[in-house]
Amino acid sequence: LGVLAFAENSKELQRQPYYKLKMEAAELSEIAMEAVKQGGAEKGIPIDPENDPNLTGLIGEQYTLITTDRGYLRSKLLATNPNFAAAFVEMYKKAGLKKGDVICIAFTGSLPGLNISCMAAAQVCGLKPIIITSVGASTWGSNHPDYTWLDMEKHLYDKGIIKFYSIAASIGGGSDNGRGLSPEGRRLILEAIERNPAMLIHEGS
């Protein structure tokens, strides 16, 4: 008991490296996630409290016309934690990145929560991302045809929360050309690309 008491009374709390940056990134990620939720509400997209118990607005439907393959709801829920932004800061710093460095990011519509945290961390670290996106999403991802990941990141840009967005986008699915999707599903994704600033890219282009 004496040793236990000594251990408890002599411990010192130590902040992790880059604590301030990590806090800023997590807070920005949380703000961005809330903005995406509000953007969905403005479009009349409902939140399913059973599959999105935290009411994040970042969990899509099980199946839509732009759903590419099977995803796991538990993974999608985990990805909505804004503290992942702090983990991205840690990875950027371990990679030796510094303010002003250019990085390349490849996003999928399947994990909008992680996408937001990745962007938030890049912004607070002063990085310059070049982003491409695969628009199609697996189950429970950003698979609403009227509110794809491209729409979400453009909403964040227009609100002045995140300062960059995808410069190019592919359909996603098999061969990244929409294999496995219906013609209507491919058409909906192409419309999403057309209404956003991203340039269409595809295999062989």
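Computation of the quantities below employed the complete heavy-atom set of this structure, encompassing side-chain atoms and omitting hydrogens, waters and symmetry-equivalent molecules. Fair warning: this is a prediction, and the values are worked out from it, not measured in the lab.
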Testing the basics here: between A25 and A120, what is the closest heavy-atom pair and its distance to 0.1 Å?
O-CB, 3.7 Å
Going through the checks in order, is the salt bridge (Lys or Arg N to Asp or Glu O under 4.0 Å) test met by K43 and D151?
CA-CA 11 Å; K43 290 178 175 288; D151 299 304; 5.5 Å; no
Assess the residue pair E61 and W140 against the criterion (side chain to side chain contact (heavy atoms under 4.5 Å, CB included)); give the C-alpha distance rounded to whole Å, side-chain angles, the decisive distance to 0.1 Å, and a yes or no.
CA-CA 5 Å; E61 300 177 34; W140 314 115; 5.7 Å; no
Given side chain to side chain donor-acceptor pair (under 3.5 Å), test S134 with D176 step by step and report yes or no.
CA-CA 7 Å; S134 174; D176 216 17; 3.3 Å; yes
Between the side chains of N177 and S170, does any donor sit under 3.5 Å from an acceptor?
no
Is there a side-chain contact between L73 and N51, using heavy atoms and a 4.5 Å cut-off?
yes
Heavy atoms only: give me the nearest G173-T68 pair and the separation to one decimal.
N-CG2, 3.6 Å
Taking everything shown except K98 itself, do over 12 heavy atoms lie less than 6.0 Å from its NZ?
no
Hey, are the side chains of C125 and V89 touching, using non-hydrogen atoms and a 4.5 Å cut-off?
yes
4.5 Å side-chain heavy-atom contact, I162 and Y157:
no
Heavy-atom closest pair, residues I161 and Q123:
O-NE2, 3.0 Å
Shared ILVMFWY cluster between I66 and I201, side chains joined below 4.5 angstrom?
no
side-chain contact (heavy atoms from CB on, under 4.5 Å) against D158, all qualifying residues, sequence neighbours excluded:
K154
May I ask whether L77 and L58 are part of the same hydrophobic cluster, defined by side-chain heavy atoms of I, L, V, M, F, W, Y residues being less than 4.5 angstrom apart, directly or through others?
no
Pairs under 3.5 angstrom only: tabulate donor-acceptor contacts from the side chains of residues 103-116 to other protein residues two or more places apart or in another chain.
from	atom 1	to	atom 2	distance (Å)
T108	OG1	S110	N	3.1
T108	OG1	S110	OG	3.2
S110	OG	S138	N	2.9
S110	OG	S138	OG	3.1
N115	ND2	T108	O	2.9

Within the structure provided, determine whether I167 and I131 are in side-chain contact (heavy-atom separation under 4.5 Å).
no
Is M152 reachable from V135 through a run of hydrophobic residues whose side-chain heavy atoms are each under 4.5 Å from the next?
no
Here the pair of heavy atoms bringing Y147 nearest to H155 is OH-CD2, 4.1 Å
Evaluate L190 against I171 for side chain to side chain contact (heavy atoms under 4.5 Å, CB included), listing each step before the verdict.
CA-CA 7 Å; L190 290 173; I171 294 175; 4.0 Å; yes
Is there a donor-acceptor pair under 3.5 Å between the side chain of D48 and the backbone N or O of E50?
yes
Flag the pair L65 / L181 as yes when at least one side-chain heavy-atom distance between them is below 4.5 Å, and no otherwise.
no
Mind running salt bridge (Lys or Arg N to Asp or Glu O under 4.0 Å) on E90 and K93 for me, showing each step along the way?
CA-CA 5 Å; E90 179 80 14; K93 291 300 183 180; over 6 Å; no
Kindly say whether N83 contributes a backbone atom to a donor-acceptor pair with the side chain of N81 at under 3.5 angstrom?
yes
Counting neighbours of CZ on F164 that are heavy atoms of other residues, nucleotides or ligands and sit closer than 6.0 Å, is the number greater than 12?
yes
I'd like to know if W149 and Y165 are part of one continuous hydrophobic network [Ile/Leu/Val/Met/Phe/Trp/Tyr, side-chain heavy atoms within less than 4.5 Å].
no
Within the structure provided, determine whether N143 and Q62 are in side-chain contact (heavy-atom separation under 4.5 Å).
no
Between I59 and I47, is there shared hydrophobic-cluster membership here, with clusters defined by ILVMFWY side-chain heavy atoms closer than 4.5 Å?
no
Working note: K37 + L55, criterion side chain to side chain contact (heavy atoms under 4.5 Å, CB included); need CA distance, chi angles, decisive distance, verdict.
CA-CA 9 Å; K37 176 183 176 179; L55 306 179; 4.1 Å; yes
Counting only heavy atoms not in R195, do more than 12 fall under 6.0 Å of its CZ?
yes
Minimal heavy-atom distance between G71 and T139, with the atoms involved, is N-OG1, 2.6 Å
Kindly determine whether K22 and Q16 satisfy side chain to side chain donor-acceptor pair (under 3.5 Å), including the steps that lead there.
CA-CA 9 Å; K22 290 176 179 178; Q16 293 185 359; 3.0 Å; yes
Donor-acceptor check, side chain of S182 to backbone of G185, threshold 3.5 angstrom: yes or no?
yes
Side chains of residues 27-34: which donor-acceptor partners sit under 3.5 Å, not counting sequence neighbours?
from	atom 1	to	atom 2	distance (Å)
S29	OG	S117	OG	3.0
E34	OE2	Q38	NE2	3.1

Test side chain to side chain contact (heavy atoms under 4.5 Å, CB included) on T148 and I189; report intermediate values, then the result.
CA-CA 8 Å; T148 67; I189 289 177; 5.9 Å; no
Heavy-atom pair of closest approach, residues A35 and L156:
CB-CD2, 3.8 Å
Quick check for you: to the nearest 0.5 Å, what is the distance between K11 atom NZ and F6 atom CZ?
13.5 Å
